[in-house]
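A short write-up of the structure that comes next.
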Amino acid sequence: MDAPLLAIRDLHLTMSSFDGEAHVLNGIELTVRRGEIWGLVGESGCGKSLTGLSISRLLPSPPARYLRGEIRFEGRDMLKLPISAVVALRGKKIGMIFQDPTTNLNPAYRIGEQLVDVALAAASHDPTILDCPPRAGRRERKRAARRLAAAMLDRVGIPNPEARLDNYPHEFSGGMRQRVLIAMALIGRPDLLIADEPTTALDVSVQAQILKLLKGTVADHDIGVILITHNLGVVAQTCTNVAVMYAGNIVESGPVAEVIERPAHPYTRALMAAIPTKETRRGALQGLGGTVPNLIAPPPGCRFAPRCPLTIPACTRALPPAVDIGAGHTAACIRVEEERAAVHA
Amino acid sequence: MPEPILVIDNVSKVYPGRRGMFGRSAEVQALKGISIAVDRGESFGLVGESGSGKTTLTRSILHLEQPTSGRILFEGRDLATLSGAELRRLRARVQIVFQDPYASLNPRMTVQDIVTEPMVVHQDVLGLGGRQRTERAAELLSLVGLGPQHLRRYPHEFSGGQRQRICIARALASGPELLLLDEPTSALDVSVQAQVLNLLCDLQDRLGLTYFFISHDLAVVRYLCSRVALIYRGELVEEGETGRIFDAPETEYAQMLIGAMPEVSVPR
Amino acid sequence: MTDLAHEPAPAAESGGSDRLRRALFRFRQSRLSVIGAVIVGIVLFFTIFGTFLAPYPDQVAGAVDTAARFQPPSAAHPFGTNELGQDVLSLVMAGTTVSVLAGFGVVLIGTVIGTLVGAVAGFAGGWTDEALMRFTDLTLTIPSLILAMAIAAALGPGFVNMVIAISLSWWPGYARLVRGEVLAAREETYVTAARAIGASPRRILFRHILPNVVSPIIVKMSLDMGFAILTVAGLGFIGIGVRPPTPEWGTLLSLSRSYMPDYWWTAMAPGMAMFLAVFGFNLLGDGLRDVLDPKARR
Amino acid sequence: MLYFTVRRILLLIPVIIGLTIIMFAIARLLPGDPVALAAGPNATQAEIDALAQQFGLDQPVWSQYLRYVGGLMHGDFGTSLLTRRPVAADIAAYLPATLELVFAAMFLAVALGIPLGLLTAVWRNRWPDYVSQVFAIGAISMPRFFLGLLLQLCFAMWLMWLPLGGQLPIIMIPPPRVTGFLLVDSLLAGDTQVFRSALAHLAMPAVAMSLSPLATIMRMMRASTIEVMQQDYVTTARALGLPKRKILFKCVARNAISATLTVIGLYFGWLLGGTVLVETVFDWPGLGLYATKAIVSQDMMPVIGVALVIGLLFVFANLVIDLLYGVINPKVRYS
C-alpha cells in the first residue's frame with residue numbers, strides 16, 4: 001500500500017476561554033488515502049470541525065494550543081512547518097468547503113474574480129495549473145485563470161459557465177453557490193478536500209446532487225476527502241470510511257459498511273438508535289440521556305462513560321485504546337470484545 | 001365522520017413586490033390554492049423545502065398573517081370572521097413550537113414567567129390565581145421532563161434540548177387542542193431530537209393533542225405522522241397516508257424527494 | 001420519558017450572578033474603561049461637592065479681587081487668576097456642576113423623548129411610523145448646533161433654557177436607535193410566540209420588546225454624556241447659554257481668549273477639565289458597550 | 001439607478017418644506033422680539049412698528065411663511081434685519097469658505113482615518129493598536145474650540161509659523177472669483193503666493209475640525225475590518241491559500257469601507273453644522289460665523305437660510321453616499 005495522503009497521530013488540542021482550558025481534541029488518529037471519502041461524524045461540540053481546521057492550521061493561536069501529536073500531510077508534519085509553507089499548501093494541495101454557501105462567498109465581488117484569485121494564488125506555487133507558458137505576463141495569466149474558472153464551473157455542473165462568471169454571489173441559488181465553492185476548492189487541483197458540513201444548509205434534493213458531485217470528483221481525480229457531518233445518513237450514502245467522534249475522541253472508525261451494519265461502540269449504537277428509520281415504530285425511538293461532558297474538566301477514563309449503558313468501574317480508570325476488531329474496523333471501548341461475543345453467541 | 005379540527009380551504013397568499021433602492025421586485029406568490037384538512041387527534045405532517053411556503057402557511061393558521069384568498073377554519077369557524085375577543089380565545093387552543101429554541105424564549109424572562117405567560121394572558125378563560133399558575137407551571141415542567149427547580153432560571157442556562165422542552169411547556173400552558181410544530185427538532189442533535197420526538201409522542205397519547213408538524217426532514221415526518229402533505233413552491237403536490245406516500249409516491253417531485261433521503265443504510 | 005430525568009441541571013449555581021461576574025470580569029479586563037470609570041467618579045464627585053470644596057468659594061459666587069489680576073499659577077492659585085482676579089481653579093471646580101448637570105439633563109430629556117418616539121414608531125408601524133420617522137429625519141437634517149443655538153437664543157439665557165434647547169436637537173438619534181432596535185426585536189421569534197399566545201400589544205411592548213432594548217440605550221446614553229457636555233460648553237463658548245458670573249467651562253474659555261497668549265493659563269484649566277470629563281465618559285461608555293452590547297463589540 | 005437618483009432628488013422638496021416650517025416655527029413662535037433688537041436700544045415704539053411693517057413681520061405667521069416660500073422659488077431667502085442685505089447674497093458669499101474648510105477636514109479625516117483603521121485592525125491587541133485607541137477616544141473627547149485655541153497658542157503665537165486666523169491677509173488681493181474656493185481660484189489665477197497663504201490659513205482650522213471625524217472613521221474602520229475578518233468568506237479565502245495582503249486589501253477593505261461610508265455621510269452633516277465653533281475661534285469668514293452673529297441678534301432670516309442650505313447639503317451628501325454604497329456593494333443594487 002502506498003503512503004497515506006494524510007496521517008493524524010495522537011493529536012491533542014486545547015482551546016482556552018474565560019472558564020479555563022478545554023481539552024477539545026484528545027488523541028485523534030486518522031489516516032486518509034487517495035480515493036477514500038472519510039466521514040467524520042458526531043454531534044455538535046465533539047471536535048469534528050476543529051479537526052478539519054487543524055489540518056490546514058486555520059485555528060488562531062491563542063486560544064488554540066497543540067499539546068502533542070502530528071498531522072502528516074504527504075509525509076510532512078503540518079504542525080512543524082513554518083506557517084508560510086502551510087499557506088502555500090492551502091488551496092493548492094488542500095481544498096476546503098464550508099457549511100453555509102451564502103456567507104462563504106464574498107458578496108462584493110463577481111464569482112469569476114473570486115475563482116481567478118484562488119487560481120492565481122495556487123498558480124504562484126504551481127504554474128502548471130494555469131496551462132499557459134511559464135513566462136506569460138500578468139494579463140495572459142489572468143486570462144488563463146479565467147478560462148480555467150469557466151472550465152471548473154462547467155465541471156461542477158453550472159450551466160452557461162462563461163456568462164455566470166460575471167454574476168455576483170447573490171444571483172445564485174444556495175445549491176449553485178455551493179457548487180461555486182466546490183469549484184473554488186478544486187481549482188488548485190488539491191489532493192485532499194476537506195468539506196465541513198457542505199450540505200447542512202441545503203435542501204434534501206440539492207444535498208443529494210452535491211454529494212453525488214463530491215463522489216464523482218473523487219472518482220475522477222483520485223483525491224482524498226474528509227466529509228465532516230452530523231448526519232449518519234449522509235455518511236452512509238457518500239463515504240467509503242467513517243470515524244465517529246465523541247467529546248474530542250474518535251470512538252469508532254472503519255469502512256462505512258462495517259461500522260453502519262455492525263456498530264461496535266456503544267455511542268455509535270446509541271447514535272444510530274436515535275435516528276428514525278423506516279422500521280422504527282412510533283414511540284420506539286431511543287434518545288440518549290445526559291449531555292456532552294464539560295471538556296475543561298472531562299470525566300476520567302472513557303469520556304462517554306457517564307452516559308453509557310454499559311459502564312463498569314474499569315471504564316473510568318483510563319482512556320480506552322482503539323481495539324482492532326478486524327477489517328480495519330476499530331472501536332475505543334474496553335468491553336467491545338465481550339459485547340461482540342455476546343452478540344455472536 | 002367527525003368534523004376536522006383544522007381545514008385549510010383553497011388558501012393563496014401573494015406578497016406584493018418590495019420597493020428597493022433601484023426599482024421594484026416582482027410580487028411573490030407564496031401559496032397557491034392549498035387545501036388541507038386535519039382530523040382531531042392525528043399527526044399531520046407538512047413537508048416542504050425552503051421557499052415552499054411552509055412558513056407562510058403556519059403564520060396564516062396562527063392568524064399572524066391573512067391569506068390573500070381562501071379560508072382557514074378551526075372547528076368549522078372561519079378565522080377571518082372571528083371578533084378580536086373570539087380570536088384571543090382561539091389562541092389559547094392553537095399553540096406553536098418554533099424551530100429555534102435559542103430565539104424563541106425571551107432572554108429577560110425566567111422560566112416561570114415564560115411558562116405562566118399564557119395563563120396570565122388567558123386569565124379570563126383559565127381563571128388561575130398566582131399560586132395556581134406557579135403550581136401548574138411546575139406540573140408542566142415535570143410533564144416535559146424538567147422540574148420545579150428550574151422555575152427561577154433564565155433561558156440562557158439551558159441546553160437546546162431543554163429549551164425546546166420549555167417551549168413545549170409554554171405551548172401546553174393554555175391547554176391547547178392543536179399544536180403547530182414548526183421544525184421543532186431540526187436545530188437539535190440527533191440524540192436530543194430523539195428525546196424530543198419521544199416526548200411529543202408521549203404527550204399526544206396522554207393529552208389527546210392534534211399535531212400539525214411542519215418539517216423538511218422526511219425521516220422525522222415518517223416517524224411521527226400518520227398523514228403527510230408535500231408542498232413545493234406554494235402548491236400542494238401530494239397528500240396521503242404516510243406509508244403510502246413513502247412506499248409508493250405518485251408524483252415525480254415526491255419520488256425525487258423520497259429518493260434523495262439519506263437513509264442510514266449502506267447502498268447496495 | 002424516563003431517559004430525560006437525568007439530563008443535568010444547568011451548571012451554574014445561580015445564573016444571574018454568574019452573568020454579572022462575567023460582565024464585571026470583561027469590564028475590568030479593559031484597563032481603559034476602569035480608568036474611565038475612575039475619571040467619571042472624580043467628575044461626579046466635583047459635580048456634587050465642587051462648589052463647597054473650592055478654595056475661594058466667595059469668588060465662585062461672583063466676588064472679584066482686582067488686586068490679584070492675571071497672576072500666573074502659584075501655590076495659592078494652582079491655575080492662576082483671571083482678569084477679575086478670581087481663582088481659576090475654584091471657578092473650574094464649581095463649573096463641573098453646571099456642565100455635568102446640563103449634560104445629564106440633555107441626555108435624559110433626549111432619551112425620554114427619543115425612546116418614546118422611537119418605540120411608538122417602531123411598534124405601531126405603518127402610517128404612524130412613517131410620519132414620526134419623517135419628522136425625526138427632518139430634525140436630523142437641521143444642523144443640531146445651529147438649531148440649539150437658535151432655540152437657546154430665542155428662549156433667552158439661563159441654565160434650564162439651554163438644556164431644553166440642546167435636548168430638542170438631541171432626541172432624534174435616540175428615536176432612530178430605539179426604532180431600529182424595536183423593529184429588530186419585533187421580528188424575534190419570542191415576540192412571534194407571544195403574539196401566538198394572544199398577548200396584548202401593550203404586554204408585548206413592555207414585557208418582550210422594551211426590556212431587550214434597554215442595553216443599547218444605556219450604552220448610547222453613556223457615550224452621549226461626553227458629547228452633551230461638549231455641546232453645552234460650545235454654546236457657552238459662543239456666548240449663548242449660561243451667563244457669568246455662573247461659572248461654566250465654555251464661558252470661562254471664551255473669556256480667556258481675549259488674553260492670549262500672555263495670560264494663557266486662564267484657558268488651560270477650563271479646557272483641560274472639559275477634555276478630561278468628556279474623555280472619562282467616553283472611556284466608560286466604550287467599556288459599557290463591550291459589556292452590555294456584545295453585538296456592537298469592537 | 002437613474003430612477004433612484006431622480007426619486008431621491010424629488011424627495012428634497014418635502015424636506016425643504018419641512019425644514020422651513022420647523023425653522024419658521026422656532027423663529028416666530030418662541031419668545032423674543034427681534035425687531036426691537038434690530039431697531040436699536042433707543043428706538044421708539046413707532047420706529048419699531050415701522051420696521052416690523054417694512055419686513056412684513058406684523059402679518060400673521062402663516063402669511064409670512066407663504067411669502068417666504070414664494071420667495072424661495074425665486075432664490076430669495078429673505079432679507080437680514082440686521083444688515084438689511086438679501087440673505088441669499090450673504091450665503092453665496094460665505095458658503096464657499098465653509099465648504100472649503102469642511103472638504104479639507106473631511107479629506108484629512110478620510111485619507112488618514114481609513115488606512116489607520118485598517119492598520120490598527122491588523123495590529124489588533126498589540127501596543128500600536130492600544131495607543132491609537134487611546135488617541136482616538138482622546139481625539140473625540142477634545143473640544144474643537146479648545147484644540148483650536150491650543151493650536152493658535154502654539155503655532156501662531158509662540159512659534160509664529162502660521163497665521164492666527166482669517167482666510168487671507170487684508171493686504172493680499174484675492175484672485176478673481178471663479179469657484180469661490182480660494183485654493184482653487186488662486187491656482188486658476190496662477191497666483192502661488194496667494195495659494196500658499198490660503199493653505200497656511202486653512203491648516204489649523206482644518207486640523208481642528210478633522211480630528212474628531214478622523215478618530216471616528218478610524219474606529220469605525222477598525223471595527224468593521226475586524227468584523228469582516230471574522231466573516232466566513234474570509235475564512236474560505238484563507239483556507240484556499242489567498243495571500244494575506246490580498247485578503248486584507250481586496251476581500252476585507254472593500255466590505256469594511258462600505259460599512260464606514262455611512263459614518264462619513266453623517267459626519268459630513270456634522271461638520272457642516274459644526275463649523276460654527278471653529279469659525280469663531282479662527283475668525284473664518286464662513287456660514288457658521290454668519291449664523292452666530294445672526295443668532296445672537298435674533299435675526300432669524302439668515303438663520304433659517306443657513307439651516308436650509310446646510311440641511312440640503314447634508315441630504316445631498318447622503319444621497320451621494322448611498323449611490324457610492326450601491327457601487328461598492330452590488331447586493332444593494334438589486335434588493
Nearest-0.5 Å distance that lies between atom [atom1] in [X] and atom [atom2] in [Y]:
| X | Y | atom1 | atom2 | result |
| --- | --- | --- | --- | --- |
| C:R257 | D:L149 | CZ | CG | 6.0 Å |
| C:L276 | D:S141 | CG | OG | 9.0 Å |
| D:F146 | C:M268 | CZ | CE | 5.0 Å |
| D:I137 | C:N282 | CD1 | CG | 7.0 Å |

Requested in this report: Count the heavy atoms of every other residue, nucleotide or ligand shown that sit under 6.0 Å from CZ of C:F104, and state whether that count exceeds 12.
Outcome: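 No - once you tally the heavy atoms of other residues, nucleotides and ligands closer than 6.0 Å, there are 12 at most.
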Query - More than 12 heavy atoms from other groups under 6.0 Å of OH on D:Y65 - result: yes
When you compare the side chain of [Y] with that of [X], does any pair of heavy atoms fall below 4.5 Å?
| X | Y | value |
| --- | --- | --- |
| D:V134 | C:F279 | yes |
| D:I140 | C:F227 | yes |
| D:F145 | C:I238 | no |
| C:V278 | D:M142 | no |
| D:L277 | C:L145 | yes |

Is it the backbone or the side chain of [X] that comes under 4.5 Å from a heavy atom of chain C, or both, or neither?
| X | value |
| --- | --- |
| D:L19 | both |
| D:W158 | side chain |
| D:L150 | side chain |

Report summary line: Sorted by chain and number, sequence neighbours left out, ring pair (Phe, Tyr, Trp, His ring centres under 6.0 Å) with C:Y174 holds for none
What part of [X] is in contact with chain D, defined as an atom under 4.5 angstrom from a non-hydrogen atom: side chain, backbone, both or neither?
| X | result |
| --- | --- |
| C:I35 | neither |
| C:F135 | side chain |
| C:I240 | side chain |

Query raised in the report: What residues of residues 93-101 of chain C sit under 4.5 Å from chain D when you count only heavy atoms?
Result: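 If one takes a 4.5 Å heavy-atom cut-off, no residue of residues 93-101 of chain C lies near chain D.
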Query raised in the report: Which residue pairs pass the salt bridge (charged side-chain N to carboxylate O under 4.0 Å, His left out) test when at least one of the two sits in residues 141-155 of chain C, sequence neighbours left out?
Result: none
Query raised in the report: For the residue pair D:G311 and C:P143, what are the closest heavy atoms and their distance?
Result: N-CD, 4.4 Å
Query raised in the report: D:I310, D:I295, D:T292: which one forms the most heavy-atom pairs within less than 4.5 Å of chain C?
Result: D:I295
Report task. Output the option from D:L308, D:L147, D:V281 having the highest count of non-hydrogen pairs under 4.5 Å with chain C. Result -> D:V281
Query raised in the report: For residues 135-151 of chain C, which residue pairs qualify under side-chain hydrogen bond (donor to acceptor under 3.5 Å, both in side chains), counting only residues two or more places apart or in two chains?
Result: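 Passing the test, one end in residues 135-151 of chain C: C:R134-C:D137, C:D137-C:R176.
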Query raised in the report: So which of D:L272, D:T275, D:V276 actually passes side-chain contact (heavy atoms from CB on, under 4.5 Å) with C:I146?
Result: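 Exactly one pass, corresponding to D:V276.
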Report summary line: When D:I21, D:I22, D:I17 are each screened for side-chain contact (heavy atoms from CB on, under 4.5 Å) with C:L138, the one that passes is D:I22
